[in-house]
Amino acid sequence: MKSASILALLSLVSLGMALLPASHAAKPGWATTNGTRFSIDSQTAYLAGTNSYWIGFLTSNTDVDSVLDHISTSGLKILRVWGFNDVTNKPSSGTVWFQYLSSSGSQINTGSNGLQRLDYVVQSAEKRGVKLIINFVNNWGDYGGMPAYVTAFGGTKESWYTNSAAQTQYRKYISAVVARYVNSSAIFAWELANESRCNGCSTDVIYNWATSTSAYIRSLDPSHMITLGDEGFGLPGATSYPYQTSEGVDFVKNLGIKDLDFGTFHLYPSSWSVSNSFGTAWVKDHAAACKKAGKPCLLEEYGVATDHCTVEKPWQQASLDLATQGMGGDMFWQWGDKLSTGQSPNDGNTVYYGSSDAQCLVGDHVKAMKQAP
Ligand SMILES: *[C@@H]1O[C@H](CO)[C@@H](O)[C@H](O)[C@H]1NC(C)=O
Ligand SMILES: *[C@@H]1O[C@H](CO)[C@@H](O)[C@H](O)[C@H]1NC(C)=O
Ligand SMILES: *[C@@H]1O[C@H](CO)[C@@H](O)[C@H](O)[C@H]1NC(C)=O
């Protein structure tokens, strides 16, 4: 090749690099992808984490700090928290809420019983090197979610994705939250929704919504990662539920969305009426799809009501075994701890700090991760 064309090629390469989303050109210390793996603090490694939907709703800073101390000293790197708390009636003072939804004027609560509680979680996580996944809406009615938007703006849960009043307010909310933490090293990723589903819909509905919403978030924040937060339905491997697309989700198609940096999936055999042993193939099939797409997969929620250690250990192992083959990390549902008000919520799946379950699913897992490639 002539040197002039090499120069032309080189300038094309550097132009291409400049055009890549900045999440691929990490700021020092920030979470990013590295092929099918994650990198934080400039180290590429398999990551473990957990979920706490309630930490942003606590009113005691001491409780927030103590939970994050326990999480970080346990070796967990990622914490998924609820970035939404939608209401259609304003609660009495003292109860935390983030957004009031109404067709005659919605309101984002930036007060001390509003987003200032989430601010404290972000600050505390930043000090401890814990990285947060913050999501913007729930598919389900817990803490408002899409059903609260439907109450305020009409339509159905299936039309939520294309309802312009609902989407306008959803974007206002996203923009308010992203603006607060756009410069924070504590953000692992922004997440569009918890478990978006559109039952019986064409998979284009969620695909189109995820494409335009992720592009919108990228326009507000060029550097942090963005993900969907879905359960991972709709992929090759089997033809039975939940491999098919009946919930309107096509995992493989969604992985191709430019502004989504990694794929998410969940694992709840009992809710899906499959056996617990279903989990291992579910992990492998997602890893294969992520490897093909060249993006990491994150098993971001998994849980079972009894025998936590016996049932979930093989899932963790299956994921860790694929650490260089598509799996970037895993996060069990959900973290349990002792708060000043008593024990944190127990939905049966909770793994409490200091328990023998925590030894198995956190202590032993973190140790095994350190031996992994
Ligand atoms: C990305 O991973 C490769 C190995 O696969 C490693 O050599 C490189 O240092 C990693 N980059 C970052 C930024 O961690
Ligand atoms: C997100 O969805 C899962 C599955 O239904 C559920 O376990 C979790 O509680 C949801 N989050 C909230 C706070 O509703
Ligand atoms: C984030 O950083 C940019 C550039 O330094 C600055 O203009 C902006 O005000 C910062 N935002 C916040 C919320 O601190």
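Indexing begins at 1, ligand by ligand and atom by atom, following the structure's order. Note that the structure is a prediction, hence the values are computed from the model and not measured.
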*Between the candidates Thr44, Asn34, Ile40, which shows the shortest non-hydrogen contact distance to atom 2 (O) of ligand 1?*
Asn34
_Protein heavy atom under 4.0 Å of atom 4 (C) of ligand 1_ = no
*Can you check whether Tyr268 and Trp333 have ring centres sitting under 6.0 Å from each other?*
no
*Taking the side chain from Thr50 and the backbone from Phe332, do they hold a donor-acceptor pair closer than 3.5 Å?*
yes
_Among all the protein's non-hydrogen atoms, which is closest to atom 13 (C) of ligand 1, and how far away is it?_
Ser39 OG, 4.2 Å
*Just jot down the ligand 3 atoms closer than 4.0 angstrom to any heavy atom of Ala179, in number order.*
13 (C)
*If you take all heavy atoms of Val249 and Ser196, which pair is closest and at what distance?*
CG2-O, 3.4 Å
*Do Tyr143 and Tyr53 pass the ring pair (Phe, Tyr, Trp, His ring centres under 6.0 Å) test, and can you show the C-alpha distance, the side-chain angles, and the key distance before you say yes or no?*
CA-CA 10 Å; Tyr143 298 96; Tyr53 69 85; 5.8 Å; yes
*Do you see a protein non-hydrogen atom under 4.0 Å from atom 9 (O) of ligand 1?*
no
*asked:* If the test is side-chain hydrogen bond (donor to acceptor under 3.5 Å, both in side chains), which one of Gln169, Gln99, Gln167 qualifies with Tyr149?
replied: Gln99
*asked:* Please list the nearest protein heavy atom to atom 12 (C) of ligand 3 with its residue and the distance rounded to 0.1 Å.
replied: Asn183 ND2, 3.3 Å
